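See structure below.
Numbering starts at 1 and runs along the sequence shown. Remember, predicted model here, so these are calculated numbers, not experimental data. Side-chain atoms are counted along with the backbone in the values below, which use heavy atoms only and exclude waters and symmetry mates. Read the numbers this way: they start at 1 and go in the same order the structure lists the ligands and their atoms.
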Amino acid sequence: MAYNLLKGKRGIITGALDANSIAWKVAEKVSEEGASIVLTNAPIAMRFGDINKLAEKTKSQVIPADATDVDDLTNLFNKSQEILGGKIDFVLHSIGMSVNIRKNIPYVESNYDYFMKGIDVSAMSLHKMLSVAMKLDAMNEWGSVVALTYMAAQRTFPFYTDMADIKAMLESITRSFGYHYGKQKKVRVNTISQSPTKTTAGTGIKGFEDFFNYADALSPLGNASADACADYCVTLFSDLTKMVTMQNLYHDGGYSFTGVSSEIMQKFQS
Ligand code: NAI
């Protein structure tokens, strides 16, 4: 059921690779809620992803942009304003990639070139996006930027390797830039800390399936789905959450504040 919460708003959605992507669900939901959007992804992802199907479904255009490239991002914000006919109201940053994870390299043996690449793609890209948007004055007042993160930024999850540190940086940029953008243009910047979700990036993590089941058994509400995450994004892009900024918001069925659940206790019964 749609509520027209984003009627007349213009947005940019990054990171929709295939129908499992969290960004895919967000693109669908924000369209249902009345927003017009531009989709973007890395030029290389265009070749093996399904983004054009999503563009057709949401009646949107696709602008390729490598999120590490300031010129690409400048083009993205300029063209999006042209296509959508005005300044941007919301941006979803849904970009994550660690070469160390992809290559199964243990955290203590991290390759530093890969580490730097992960930082650039998954954290610094948010800074670059916000900086470009600010320089171009591309966002409307009370605009909203949401980036997706994971709780490994606060607590250790050994399999998450360098992405834990990278997500900590992403959340820090959210606070730091959120201050400046709030002061300058009342633009709000938040992260959503999402449950494990079965996507290309998620399932690429070693032992993901086991951990997914563990998190589901620990959380009183179970794991939050990509669809539920998209609903949460809609609220943060809407005018109903105008005073929320610089926050890391847990969207995890209660996982982050649960010590143990009865299901897990049962496994250790003597
Ligand atoms: P996904 O694999 O569908 O999305 C990741 C996206 O990042 C892809 O579309 C990919 O093409 C894009 N990307 C990679 N390098 C890029 C670059 N240089 N420029 C532009 N785009 C680039 O996976 P998912 O899970 O939807 O990931 C979205 C976000 O959600 C990521 O930040 C991820 O860390 C975060 N997240 C995912 C969780 C999960 O369990 N799946 C849990 C918590 C957070």
Min over A42, C229, A45, S195 of heavy-atom distance to atom 42 (C) of ligand 1 lands on S195
Ligand 1 atoms in contact with D66 (distance to a heavy atom under 4.0 Å): 17 (C), 18 (N), 19 (N)
Report the nearest protein non-hydrogen atom to atom 26 (O) of ligand 1: residue, atom name, distance rounded to 0.1 Å. I22 N, 3.0 Å
Exactly one candidate in F208, Y150, Y107, F211 meets ring pair (Phe, Tyr, Trp, His ring centres under 6.0 Å) with Y160; the answer is Y150
Shortest protein contact, atom 11 (O) of ligand 1 (heavy atom only): N41 OD1, 2.7 Å
Side-chain contact test, heavy atoms from C-beta onward, threshold under 4.5 Å: evaluate it for N190 versus T241 and give yes or no. no
Between the side chains of D227 and S225, is a donor N or O closer than 3.5 angstrom to an acceptor N or O? no
I need the nearest protein heavy-atom contact for atom 6 (C) of ligand 1: residue, atom name and distance, please. S94 O, 3.5 Å
Quick one: look up the protein heavy atom nearest atom 3 (O) of ligand 1 and list residue, atom name and how far away it is. S21 OG, 2.6 Å
of all protein heavy atoms, closest to atom 24 (P) of ligand 1 is T199 OG1, 3.3 Å
Does a donor on one side chain sit under 3.5 Å from an acceptor on the other, for T199 and N20? no
Interfacing atoms of ligand 1 (cut-off 4.0 Å, heavy-atom, A65): 19 (N), 20 (C)
Decide whether D18 and T200 meet the rule of one side-chain donor and one side-chain acceptor closer than 3.5 Å. yes
Do me a favour and list the nearest non-hydrogen protein atom to atom 33 (C) of ligand 1 with residue, atom name and distance? K167 NZ, 3.7 Å
With a cut-off of 4.0 Å, which atoms of ligand 1 are near a heavy atom of P196? 40 (O)
With heavy-atom distances below 4.0 Å as the criterion, list the atoms of ligand 1 near Q194. 42 (C), 43 (C)
closest protein heavy atom to atom 2 (O) of ligand 1 is A201 N, 3.0 Å
Please write down residue, atom name and distance for the protein heavy atom closest to atom 15 (N) of ligand 1. V121 CG1, 3.4 Å
Can you classify the ring geometry of F177 versus H127 as parallel (below 30°), tilted (30 to 60°) or perpendicular (above 60°)? perpendicular
Below 4.0 Å from ligand 1: does a non-hydrogen atom of T14 turn up there or not? no
For F208, the ligand 1 atoms with a heavy-atom partner under 4.0 Å come out as 40 (O)
Within the 4.0 Å heavy-atom shell around G202, which atoms of ligand 1 are there? 41 (N)
Between the side chains of N100 and T161, is a donor N or O closer than 3.5 angstrom to an acceptor N or O? no
Option nearest atom 13 (N) of ligand 1 (shortest heavy-atom distance, choices I95, T149, N223, T197): I95
Could you check whether E33 pairs with K7 (Lys NZ or Arg NE/NH1/NH2 to Asp/Glu carboxylate O, under 4.0 Å)? no
Which one holds for S125 and ligand 1: side chain close, backbone close, both close, or neither close, with close meaning a heavy atom under 4.0 Å? neither
Pairs of nitrogen or oxygen atoms closer than 3.5 Å, one from A67 and one from ligand 1: do any exist? yes
Using only heavy-atom distances, determine whether the side chains of E171 and T191 contain a donor-acceptor pair under 3.5 Å. no
Considering only heavy atoms of T200, which atoms of ligand 1 have at least one such atom less than 4.0 Å away? 2 (O)
Between Q154 and M151, does a side chain to side chain contact (heavy atoms under 4.5 Å, CB included) hold up when you go through it step by step? CA-CA 6 Å; Q154 285 76 37; M151 209 187 44; 3.7 Å; yes
Per-atom contacts, ligand 1 versus L148 - under 4.0 Å to a heavy atom: 29 (C), 30 (O), 32 (O), 35 (C)
Side chains of Q184 and Y179: do they bring a donor and an acceptor to under 3.5 Å? no
Without hydrogens or angle criteria, can the side chains of S31 and E28 be said to hold a donor-acceptor pair below 3.5 Å? no
Just checking, any donor-acceptor pair under 3.5 angstrom between side chains of S193 and H251? no
